[in-house]
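Structure record follows, encoded as structure tokens.
First the proteins, then the strands, lettered A, B, ... as listed; each starts at 1.
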Amino acid sequence: MAEPHIPIESGVPDPFPYMHPVLKRNYGTWRWHDRPRPGVLRHVAASGEAVWTVKAGTQRQLDVFTVRLLCAIGDECADGFMRFTTRSNIEFMVTDEAKVAPLVARLEADGFPVGGTGNSVSMISHTQGWLHCDIPGTDASGVVKALMDAMIHEFRHEEMPNKVKITTSCCQINCGGQGDIAVNVQHTKPPVINHDLVAQMCERPAVVARCPVAAIRPAMVNGKPSLEVDEKKCVCCGACYPPCPPMQINDPEHSKLAIWVGGKHSSTRTKPTFHKLVAAGIPNNPPRWPEATDIVMKILHAYKAGARPWERMSEWIDRIGWPRFFEVTDLPFTKFHIETWRGSRASLNASAQLRF
Amino acid sequence: MAEPHIPIESGVPDPFPYMHPVLKRNYGTWRWHDRPRPGVLRHVAASGEAVWTVKAGTQRQLDVFTVRLLCAIGDECADGFMRFTTRSNIEFMVTDEAKVAPLVARLEADGFPVGGTGNSVSMISHTQGWLHCDIPGTDASGVVKALMDAMIHEFRHEEMPNKVKITTSCCQINCGGQGDIAVNVQHTKPPVINHDLVAQMCERPAVVARCPVAAIRPAMVNGKPSLEVDEKKCVCCGACYPPCPPMQINDPEHSKLAIWVGGKHSSTRTKPTFHKLVAAGIPNNPPRWPEATDIVMKILHAYKAGARPWERMSEWIDRIGWPRFFEVTDLPFTKFHIETWRGSRASLNASAQLRF
Amino acid sequence: MSKEMPATPMLDELESGPWPSFVSGLKRLAAAEDKPYAPMMKDLLGQLERSYETRKGYWKGGTVGVRGYGAGVIPRFSELAGEFPDSAEFHTLRIMPPAGMHYTTDILRQLCDIWEKYGSGLVALHGQSGDIMFQGIRTANVQPCFEEFNALGFDLGGAGAGVRTSISCVGAARCEQSCFDEARAMRMVVNAFLDEMHRPSLPYKFKFKFSGCANDCANAIQRSDFAVIGTWRDDLRIDQDEVKTYVAKNGRKWMIDQVIAMCSTRALSLNDDDTLAFDGESCVRCMHCINAMTKAIKPGDERGVTILLGGKRTLKIGDQMGTVIVPFLRLETDEDYEKLLDLARRVVDFFVENALEHERIGESIERIGLVNLLEAVGLELDPNMVSHPRTNSYVRTDGWAEEAAKWRARKGSAEAAD
Amino acid sequence: MSKEMPATPMLDELESGPWPSFVSGLKRLAAAEDKPYAPMMKDLLGQLERSYETRKGYWKGGTVGVRGYGAGVIPRFSELAGEFPDSAEFHTLRIMPPAGMHYTTDILRQLCDIWEKYGSGLVALHGQSGDIMFQGIRTANVQPCFEEFNALGFDLGGAGAGVRTSISCVGAARCEQSCFDEARAMRMVVNAFLDEMHRPSLPYKFKFKFSGCANDCANAIQRSDFAVIGTWRDDLRIDQDEVKTYVAKNGRKWMIDQVIAMCSTRALSLNDDDTLAFDGESCVRCMHCINAMTKAIKPGDERGVTILLGGKRTLKIGDQMGTVIVPFLRLETDEDYEKLLDLARRVVDFFVENALEHERIGESIERIGLVNLLEAVGLELDPNMVSHPRTNSYVRTDGWAEEAAKWRARKGSAEAAD
Ligand code: SRM
Ligand code: SRM
Ligand code: SRM
Ligand code: SRM
Ligand code: SF4
Ligand code: SF4
Ligand code: SF4
Ligand code: SF4
Ligand code: SF4
Ligand code: SF4
Ligand code: SF4
Ligand code: SF4
């Protein structure tokens, strides 16, 4: 038998062997950029060299056939190089402006919508869901596909006031990050405990420690060590489920979707902000989640119509205020919108600044 | 013997019998105002009538002789009416512009500095201190007098970027409110307990409940019921002292002064803000508190030099940032400046917005 | 032979300098040999000088009052009574001034005369809560002194666990920004709670304050439990000719830097013809542009108040600003003012029933949550009550549909009513 | 006879519409009868359809890995193994891509070839943390598959309680805003922690992220424990001729509304000659004016990074942004980059020694306070670390003089060094 393989702990690969030569040559010396059309960026370096980037959407969950198709496009139209963005879009770079139009045409022809640059709605940051995760309340790929289909015009055009970054998460752990809009699972009932399995599957003190509101306590049930949930305290977050799968939080009926708006990572103009709950109780309705999609589209259209250039979602709402946000999106404002978590007082309006 | 007096619970007196006729006539119909000179306001009503208000400083803690002097001025120069502002300044109203100059001259001649309007430093909101309160760590009247002497130019002139509202408090209960600058007592040692007196003077459960950090517990000391303080937890706030005077918090050496900046009640431009600690450990040094006065003057001058028109203290600092504030005021930045109270995380810089 | 003037070398240093000196005032009183209070004020000076030397206070509390009332007098007994016997008792009478602190010279003189007869001659105009503080009176004189003030139309203010003395800004009496009748609202509300003021039986103190606009000259937002602040619901009124005059006089850069760029919410822009572009949707009624161009811009016509609850100073939970519980209440007709009073009553009732001992209402809100308070008081939720909706997903949202339906029903009926 | 294609009526509805369909991709793989993975993908489709019908997930975890490593594989065993035996095991290999996610078609094809041999043919480009996720492999194939990837120069990424896979923005490779060499910094740091990545033994996960400027295209501030974000210390560079060109082209109102009024801190004004007035004191380096006028404005020349600690998602204490622990670290020379690495080491050491089990470093800061962390890690206090100093007086301040002296000593020596 062969020697056991000793891994080569090579870590993160050096990007230079895989980088388009024009990027390598002008590394660190880019000077400015513009966007000749949606989906296309032109960057110009100190050397005077320019590179055109053509950006297109992918489904992220790629079969090798699709990857090879992208490679073929890369070879035929873009010097054999490409990169992916942090949002699973693909970018091909060319140094000759004349190659832009054919590249765009080829991508579109092969089913990859060109867009996602500038003030467009880019691809959704998506997570695993039923396809792969062990704790999902919904699917991610399906939600993303349904939403991107609905928003395709906004991906292909730059008609938004600023970039729109959407995220989704398939459980309340929220691997998707903050988003201008976020579509996340929100459970509405405490976990249902399978007491027969707790003793064999769960380290009880660890589970107890995991609950953010100390709603879990060890208990003997039917003579076996198990756990008990104080249903009055429980906030249905599902944090107990990963370390203890017998605490079933997912429920076909009561695991709902919620929509959040105004998350922002950039420190641009305004400081980064967390997204805020605007709608919950939305049915988790595969395969196309029409109710969630509708609300997202309503919000997008209100933002598009009302925000000023450069205003991110949160900045638009800061200007027009939450009363008007709920009005223009026709979403109900309820007691659930009022923060109850630590430091909640800070989210109240402690001023005489008001909107009517 | 006479019948026992039955109080006439008349409550807040109607102001109209005491109000200058021009104010009465134009009540609720004023249109605009300007400031012909520091200390003088002109308000014009819809009727076209105008009233000139001349504003002057008083010591607030007034002897009847001084009150009668003010009355004499009122009779001779101002139709026999006057009002006091929320900051213990006096205002005389006249309807004839020609009366303004003599009124100003008379006030100044009698020792009442004219000013405190517009972008000046107005009178300090002052509290009781050694003169009257049962829990003071310092005097208030003396601190106010010392500071107002030092700031007299800024009271008499309107050379500040915006109004400067200063407050002072003679114990950590802080009857003085938020201030653009606040000079407050800050104790630095836990209370020293006179165990012999606790049992007879203090309701122990009430005192225990009063401590914001739960540092007090009932204890038997020398066989008598008393209280015990966990000195590691104690934040030296003195809240236990009013309900239990044997918990001596005041200390000639360790009760210090602290200076806070950037408090703002108005919702004008920016939302109201609390003042923030900038300097502590300042000696409580009667009769003229030179160390505290120095720091206040440094801050005032930095603000005057650096802020733009309309910027209140907090708005100026928001613009230039705390690093520069500490630089221009030459005050040290220490670990004590970092918030440790509930929700403290929210006071950290959670952004990539920086100043150098 | 008259009592000797105490040596006050430290206090004497506070006689110099341009600001009026309280020490000189104290000395004038102490030196008024023909007055009953001269000995008291000599001892007072002696004790105060001692405080300056030792950096310690020497007063302690106690119980002193007037018949029928449980508050309004702040009792002070000296710990140095042996040494300074004449100021052994040095209580304060808190007397409420006319709303807006307007006085005739005549009434002030009458007040002084009474005070000279019974008290020390020392009076603070005014205390931070708004009282006239007649400072320095012996226990025996409290009752007759109060009776004379009372006969003149003046009443004791608050102290202890009751409704407190209130302040309203000068407002309608002399200010063009005023959005309601501050003095009327203040007197109406406070005078309805005199029982709670004079016989305090609330969980803790409760303060009302009234400011005519968001400039908040009465410091209502932080220094009162129940803040009433003027505002308007329609758009502000702009006189474009006056705007042009301002621009012509001060220049475009002034206009951009001092008005446009300082608006809270970018509701303003400068048109190329030097008129002001105003976007009502964005305006938060912050007063800045009005303050900056008082001749050109005014509050709208549909005026009223915002009500905020829970402002207070540091004790126990740290300082709190009041937060909005009623975004807009029109204040025009008698019925409108009745509504304000009715709301105040419901809030105070809630306070009595729900607050813990020594708990301000701001602390109650912190403890039980705004929503519970609104429900108990019978107020409707409004997004104006938050800076932003929740950012944390830790909440149980079953019942969403019912709550959403409530909102839709309210909106439906509001629209139907419009 | 080949295995039957499952009926997937619900999933089929996701084949229509303009966005590329992952369902079509899954079906292509399932239909690739010549490939070893076709049966696996048929069962995978079957199980996924079931999830769509029942709205439930059917995967559970377990333990699967490669020799020598304790992480990098996400094991998935089906709860419906009986019904869908060929996808009973469907693990993911997390493989780290080249920094910046640059690929040649050649390397991508090689990766696909290996994956076709051992796995399902399904690959995510990329996971939210930045891994290539090769999704769907049986336990038996994990080791040989990894060996082939490894031979090609690729390594497993993070999972579990260890250092995680990182992302750096495209930055210097194709962006004029870049303030440091993001790829270099990222590789240097992450590759120094491969032990902590491959044999996880930290209290909990630890993520680094690297953005070349405050636009934060890598989402570093909230989605990493240790965020490295580019900035500059001198003033931004303005080309006034280009400014005038912008104004000429877009108009003054554009300039006022879209640049001047949108600056974070009123650091900008428009001069009457259409040049830009810039006030370096007020600038917070927010990038807006640079973004808006990329040809006219650039970051300053003295470039480096800000380091923030503690960003994370919701669990236990609610979402947290990272907060500043190093306002500015110049990144230019090799030594500068060493300093960054050294700091990362000290922070991770601190984390190992002080965090509770399952506690992110953001939660540790919440628990023990920023100051203790700074002291332990050996960092100096800076007012840039706070939005504002304390507003609450509940703090024991004895020791003030000593702390003040420390600050003065530091300032003194900083000035001496200048
Ligand atoms: C390619 C990518 C970096 C990468 O390493 O992959 C990228 C590239 C650029 N970003 Fe970004 N950003 C990328 C993700 C992000 C993200 C993170 C994300 O998408 O999850 C953010 C933070 C979002 C947030 O705040 O939550 C981000 C916030 C920005 C901003 C700030 C926007 C703002 O106003 O808040 C700018 C500035 C701008 O728009 O001019 C920016 C600007 C840019 C520029 C214009 C920078 C430049 O000069 O080259 C690049 C072209 C953008 C375009 O397509 O129009 N980029 N950018 C990422 C593309 C993702 C995608 O496919 O959509
Ligand atoms: C695969 C991925 C989602 C995706 O489809 O892209 C993912 C998937 C999982 N995440 Fe995540 N997280 C992924 C990025 C994130 C991110 C985003 C990021 O890294 O920028 C976050 C938010 C940032 C953060 O770290 O807080 C994130 C926050 C979490 C958390 C919450 C941590 C917290 O402290 O709040 C958990 C739960 C935990 O760690 O206990 C979690 C746990 C998980 C687990 C391991 C759930 C579990 O316990 O089994 C998921 C495995 C799914 C699977 O079957 O592959 N994942 N997770 C992402 C990693 C792919 C990759 O390696 O590239
Ligand atoms: C007389 C008084 C009301 C009263 O009922 O007594 C008053 C009167 C006026 N205030 Fe005030 N304010 C008065 C206390 C306040 C206070 C409270 C305080 O002093 O403790 C504040 C809130 C301070 C804070 O934010 O902490 C206050 C914040 C304002 C503002 C908002 C300033 C800002 O930019 O934040 C304005 C608007 C302005 O300056 O144009 C204002 C404007 C005014 C105007 C111009 C209103 C008007 O149109 O008549 C009045 C003349 C001011 C002057 O003297 O220049 N007044 N004003 C108070 C005088 C106090 C004093 O003697 O100094
Ligand atoms: C006299 C006065 C200061 C002054 O010189 O002006 C004052 C003096 C006292 N205040 Fe005050 N407060 C005075 C206005 C305030 C204010 C300002 C205001 O009302 O706008 C505040 C801040 C706002 C607030 O209500 O929070 C204030 C917050 C306090 C507190 C802290 C309450 C809290 O919840 O944080 C206490 C302590 C307590 O109530 O237990 C307190 C307690 C006291 C006591 C009763 C101390 C005691 O327990 O013996 C002081 C009596 C002093 C004396 O000998 O006369 N005083 N006190 C003010 C009342 C005069 C008047 O009636 O007009
Ligand atoms: S959000 Fe939840 S279900 Fe979705 S990938 Fe992350 S941990 Fe799994
Ligand atoms: S769902 Fe969340 S709140 Fe409820 S018991 Fe589990 S961990 Fe606790
Ligand atoms: S601040 Fe303290 S010492 Fe001063 S008057 Fe108020 S309670 Fe008394
Ligand atoms: S001084 Fe404050 S913290 Fe210390 S024991 Fe007394 S009440 Fe508690
Ligand atoms: S609060 Fe408003 S209305 Fe009242 S005095 Fe001040 S500026 Fe005038
Ligand atoms: S009132 Fe305030 S928010 Fe409204 S337009 Fe004027 S400055 Fe802007
Ligand atoms: S973070 Fe800054 S440097 Fe990096 S890609 Fe985005 S804009 Fe460019
Ligand atoms: S970088 Fe930001 S803060 Fe600095 S001048 Fe430009 S817009 Fe203003």
Side-chain angles (χ1 to χ4, degrees), chain A residues 172 174 184 186-190 212-213 234-237 254 256 258 260-263 273-282 306 308 314 317-327 331-342 344-356, chain C residues 211 213-214 216 220-221 227 229-234 264-267 279 281-286 306 308 310-311 320-324 327-328 365-366 369-371 374-375 381-401 403-408 411:
Chain A
Q172 277 193 235
N174 290 329
N184 296 349
Q186 183 84 25
H187 307 291
T188 63
K189 297 279 183 202
V213 292
C234 173
V235 290
C236 311
C237 70
H254 300 299
K256 303 281 190 184
W260 304 69
V261 307
T273 55
F274 297 115
H275 51 223
K276 289 99 194 162
L277 179 72
V278 294
I282 306 165
R308 301 201 189 138
S314 63
I317 303 173
D318 275 355
R319 178 171 57 76
I320 66 158
W322 290 99
R324 187 144 288 113
F325 174 87
F326 284 99
E327 196 181 301
L331 292 170
F333 182 77
T334 70
K335 67 179 185 185
F336 303 110
H337 288 101
I338 312 265
E339 185 67 273
T340 43
W341 191 239
R342 295 177 204 173
S344 59
R345 184 76 188 240
S347 74
L348 301 181
N349 183 5
S351 80
Q353 298 195 353
L354 296 141
R355 343 264 182 150
F356 305 111
Chain C
S211 279
C213 75
D216 198 4
I221 201 157
I229 300 183
T231 191
W232 62 95
R233 198 159 66 177
D234 49 346
S264 300
T265 43
R266 286 176 283 112
D279 171 24
E281 269 210 352
S282 308
C283 173
V284 285
R285 295 152 179 84
C286 82
T306 299
L308 303 97
Q320 300 279 321
M321 299 284 171
T323 66
V324 176
F328 186 76
I365 297 176
E366 182 86 355
L370 178 68
V371 170
L374 294 175
E375 279 173 7
L381 262 182
D382 189 292
N384 264 313
M385 293 172 187
V386 298
S387 281
H388 58 77
R390 67 166 51 249
T391 61
N392 183 285
S393 57
Y394 292 165
V395 57
R396 188 165 163 177
T397 49
D398 45 354
W400 183 276
E403 295 298 321
K406 280 189 208 166
W407 175 263
R408 295 210 188 282
K411 287 286 127 176

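Between the NZ atom of A:K276 and the CD1 atom of A:I317 there is a distance of 7.5 Å, given to the nearest 0.5 Å. Distance CZ/A:R324 to CZ/A:F356: 10.5 Å, rounded to 0.5 Å.
When heavy atoms are compared at a cutoff of 4.5 Å, C:D279 approaches chain A solely by way of its side chain, counted from C-beta outward. In this structure, chain A has no heavy atom under 4.5 Å from any part of C:S211. The part of A:D318 that comes within reach of chain C is its backbone (N, CA, C, O), which places non-hydrogen atoms under 4.5 angstrom from that chain. With a 4.5 angstrom heavy-atom cutoff, A:L331 touches chain C only via backbone atoms. Heavy atoms of A:F333 lying under 4.5 Å from chain C belong to its backbone as well as its side chain. Residue contact with chain C, scored on non-hydrogen atoms closer than 4.5 Å, is absent for A:R342. For C:R408, the part lying near chain A is the side chain, with the backbone staying farther off; criterion is any non-hydrogen pair under 4.5 Å.
In terms of modelled atom types and a separation under 3.5 Å, the side chain of C:R285 and the main chain of C:A214 share no donor-acceptor contact.
The candidate with the highest count of non-hydrogen atom pairs below 4.5 Å against chain C, out of A:S347, A:G321, A:A346, is A:S347. No other option in C:S393, C:A405, C:A404 has as many heavy-atom pairs under 4.5 Å with chain A as C:S393. Chain A forms the most heavy-atom pairs under 4.5 Å with one residue out of C:T265, C:V371, C:N384, and that residue is C:N384. In terms of heavy-atom pairs under 4.5 angstrom with chain C, the leader among A:G306, A:A280, A:G281 is A:A280. Per-residue counts of heavy-atom pairs under 4.5 Å with chain C were compared for A:N184, A:V261, A:T334; the largest is that of A:T334. Heavy-atom pairs under 4.5 Å with chain C were tallied for A:R319, A:H254, A:H187; the largest tally goes to A:R319. Contact tally against chain C (heavy-atom pairs below 4.5 Å) for A:I338, A:V235, A:T340: the top residue is A:V235. Counting heavy-atom pairs under 4.5 Å between each of A:N174, A:T273, A:I320 and chain C puts A:I320 at the top.
Contacts of C:T323 classified as side-chain contact (heavy atoms from CB on, under 4.5 Å), with partners at least two apart in sequence or in another chain: A:R345, A:L348, A:A350. C:V395 meets the side-chain contact (heavy atoms from CB on, under 4.5 Å) test with A:Q186, A:F336, C:R390, C:T397; sequence neighbours excluded.
Between C:I221 and A:A352, the shortest heavy-atom contact is CD1-N, 3.9 Å.
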